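Predicted model only: the values in this text are computed from it and were never measured.
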Amino acid sequence: MVRPSPTSAPRSILPLWIAMVLCLVPAPWVRSGPDAVADTDAVTDTDAAENVAKPADRTAVIIPLHEDINPLSGALLKRKFAEAVDSDVDVIILDIHSPGGLVYVTFELMDMISDAKDVETVAFIQKDAISGAALISLACDKIIMLPGARMGDAGEIVMGADGAFRYTEAKSRSVLAQKVRDTARATGRPLALAEKMTDKDMVVFRAVHKTDATVRYISDKEWESMENADEWELGKPIREAGKEMFFTVNGARAVELGMADRTVENEAELAEVLGVKTPIPVMERTGTDTAIMILNSGFVTFLLLVIGMVALVIELGAPGVGIGGLTSVLCFGLFFWSRFLGGTAGWLEVTLFVLGLIFIGMEIFVIPGFGVAGVGGLGLMLGSLVMASRRFVVPGSADELAGLGWDIATVLGAFAGFMVAMLVLANYIGDIPGLGRLTLKPQVAVVGAQAGPAGPADADTAALLPGWQRVSLGDVGIAAGPLRPGGKMNIEDYTVDVVTEGDFVDGGTSVKVIAKQGTRIVVRPV
């Protein structure tokens, strides 16, 4: 409805001086000149002008989202977002250029943005916000785009057994559609168009109310169930919201349809529109973020696990704080650290991994054979490594199932690589230069210049050698205490650390040396 201008008021019944005053000073409830347009449009234009003229006294920060949405990128974005909120900025701008990604990670990010009550959130789309990225934009208080930027196409798809992508089942689509509608309702955007981004089967029409000319976008599904459908005049379908297509629009069209707040040409205009101080600081990816991304990659994860397990076995073969132990701690430490900061691991996974190590250690040094403790310890270790890469226990979708399968394949592949490496090292460790120095060994006494590699030159210098060097294959001694399976053996006038083949041996039993590999002496009851 157009409001009359003050000059249209009848002047015959007013004193001349009152008429002159009214002509010079328009009444506050009346608009004149070019502002005498439909009420809604006039208010919108005035508000936009006030936003542009507003002094730049607010603080803002830009957080880039320039990759696909996965557990790792989602965790990094969450950390950046929390840092921005803690810094008490007035506006958080998400610079979005992403093809989307996993649904459950997208939902978590949407909830994070929706729950931020003390800060204004703005989605700034310069290129593409597709799929999950469009839904994250939908959760922001404002959407500002470049005229040629694109947003939409958020249908949920899954890869089938034949490798082709397919539309997900109705149950999963219903959850996604309701989430989108609730988000659009909270941010004041057209519900039907928002839902159309996720549903290719529905059609959205432009409808005009017959009484007050209000414009509304209504889907064919909604129209069939409307009780007051006779009050609306249904127009033509929106060209971007037709049958067999997901709603996708550029910036200019998004503003026209009410999906975006406005368009800008560059970042400087964005700052002017939002009334924030310039230059706007950007929370770029740090060296730590880059390290986390690299350490979470499949190939680096494979190397960390293989090297860590090989180093662990070397350390268990010759207990002590050697290079093997330090290398193992470094590899597994980097693995769990990257998963901690990547948002996929917690103390549960670390606890399970340590318990697995304890069980395996008990199997080697305390319990004979390789039974429940050894198998259980190995299962705990491998299970904790898989769990450290996932934020769910039971997969709830095809994407989660595929991700779980990939993580299991990575861990099992690393274990297979570890087994191959151990077979190679078992045969060649004595011949590879430098491998003999990987662990700390007892000091070897140096005898006279004439002493050869077979032994000392005389009985006096023989006493300076450690027991593992003096003992020979076939030597017989007495168990100094119970061997479970490790312990000590007395032979002649010295003692040597020994281990059985896995059996318990009571103290005082005669045992015979049957194998010797470095400092490891294997005995058998006589």
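Remark: N266 CG is packed, more than 12 non-hydrogen atoms of other residues, nucleotides or ligands lying under 6.0 Å away. Atom CZ of R524 has 12 or fewer neighbouring heavy atoms from other residues, nucleotides or ligands inside a 6.0 Å radius. The number of heavy atoms from other shown groups lying within 6.0 Å of NZ (K127) does not exceed 12.
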Show, in sequence, the C-alpha distance, side-chain angles and deciding distance for L341 and T288, and conclude whether the side chain to side chain contact (heavy atoms under 4.5 Å, CB included) test is met.
CA-CA 9 Å; L341 295 185; T288 300; 4.1 Å; yes

Derivation of the side chain to side chain contact (heavy atoms under 4.5 Å, CB included) call for R285 and T290:
CA-CA 7 Å; R285 182 167 293 167; T290 303; 3.8 Å; yes

Residues L382, F415; criterion side chain to side chain contact (heavy atoms under 4.5 Å, CB included); working and verdict
CA-CA 8 Å; L382 297 180; F415 184 72; 4.3 Å; yes

May I have the step-by-step check of side chain to side chain contact (heavy atoms under 4.5 Å, CB included) for F332 and M309, ending in yes or no?
CA-CA 9 Å; F332 288 118; M309 286 188 283; 3.8 Å; yes

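Note on E120 versus R58: salt bridge recorded, some NZ/NE/NH1/NH2 to OD/OE distance being below 4.0 Å. The existence of a salt bridge linking R253 and E240 is confirmed by a sub-4.0 Å separation between a basic side-chain nitrogen and an acidic carboxylate oxygen. The pair K80-D289 meets the salt-bridge criterion, since a charged nitrogen lies less than 4.0 angstrom from a carboxylate oxygen. Using a cutoff of 4.0 Å between basic side-chain nitrogens and carboxylate oxygens, R189 and D261 are scored as salt-bridged. Salt-bridge check for D182 with K179: failed, with every basic side-chain N at 4.0 Å or more from each acidic carboxylate O.
Between atom NZ of residue K78 and atom CD1 of residue I63 there is a gap of 13.5 Å, rounded to the nearest 0.5 Å. We find the CG-CE distance between L77 and M112 to be 4.5 Å, quoted to the nearest 0.5 Å. One distance of note links CG of L303 with CG of L295; it measures 11.0 Å at 0.5 Å rounding. For the atom pair CG of D68 and CG of L102, the computed distance is 8.0 Å after rounding to the nearest 0.5 Å. Put simply, CE on M110 and CG on L135 are 5.0 Å apart, with the number rounded to the nearest 0.5 Å. Here M259 contributes atom CE and T187 contributes atom OG1; the two are 8.0 Å apart, rounded to the nearest 0.5 Å.
Pairing each heavy atom of A192 with each of S219, the nearest pair is CB-N, 4.0 Å. The minimum heavy-atom distance between I96 and A129, with the atom names listed, is CG2-CB, 3.9 Å. Contact detail for G258 and P190: the closest heavy-atom pair is O-CD, 3.4 Å. Counting all heavy atoms, side chain and backbone alike, G413 lies closest to F302 at O-CE1, 3.3 Å. Nearest heavy atom pair, residue G298 against residue T410, reads O-CG2, 4.2 Å. Heavy atoms only, all atoms of each residue included: C331 and I307 are closest at SG-CG2, 3.6 Å.
Taking the side chain as every heavy atom from C-beta outward, V122 and I144 approach each other to under 4.5 Å. Residues L483 and V499 are not in side-chain contact: their nearest non-hydrogen atoms beyond the backbone lie 4.5 Å or more apart. Put simply, the side chain of E267 reaches to within 4.5 Å of the side chain of I280, judged on heavy atoms. Two residues are said to be in side-chain contact when any heavy atoms from C-beta on lie closer than 4.5 Å; V496 and K488 fail this criterion. Looking at F81 and T121, their side chains come closer than 4.5 Å, going by heavy atoms from C-beta outward. At a threshold of 4.5 Å between non-hydrogen side-chain atoms, the residues P64 and V282 count as touching. D201 places a side-chain heavy atom less than 4.5 Å from the side chain of E244. Looking at heavy atoms from C-beta onward, S131 lies out of side-chain contact with D153 at the 4.5 angstrom threshold.
E269 places a side-chain N or O within 3.5 Å of a backbone atom of E265 that can act as its donor or acceptor partner. At least one donor-acceptor pair closer than 3.5 Å links the side chain of S87 to the backbone N or O of A84. The main-chain N or O of M293 is never found under 3.5 Å from a side-chain atom of S297 such that the two would form a donor-acceptor pair. No side-chain donor-acceptor contact under 3.5 Å links T59 to the backbone of V89. Remark: the backbone N or O of G251 is not paired with any side-chain donor or acceptor of T263 at under 3.5 angstrom. Judged by distance alone, the side chain of E349 and the main-chain N or O of G346 form a donor-acceptor pair under 3.5 Å. In this structure, S338 contributes its side chain and F335 its backbone to a donor-acceptor pair below 3.5 Å. In this structure, the side chain of K196 engages the main chain of G242 through a donor-acceptor pair within 3.5 Å. Judged by distance alone, the side chain of S98 and the main-chain N or O of E67 form a donor-acceptor pair under 3.5 Å. Panel note: side chain D128, backbone I130; no donor-acceptor pair is recorded below 3.5 Å.
Using cut-offs of 30° and 60° on the angle between ring planes, the pair H97 and H66 is perpendicular.
For the 3.5 Å distance criterion, the side chains of R339 and T301 qualify, holding a donor opposite an acceptor.
Exactly one residue among K221, K243, R173 makes a salt bridge (Lys or Arg N to Asp or Glu O under 4.0 Å) with D199. That residue is K221.
In this structure, Y104 has its ring center no closer than 6.0 Å to that of F107.
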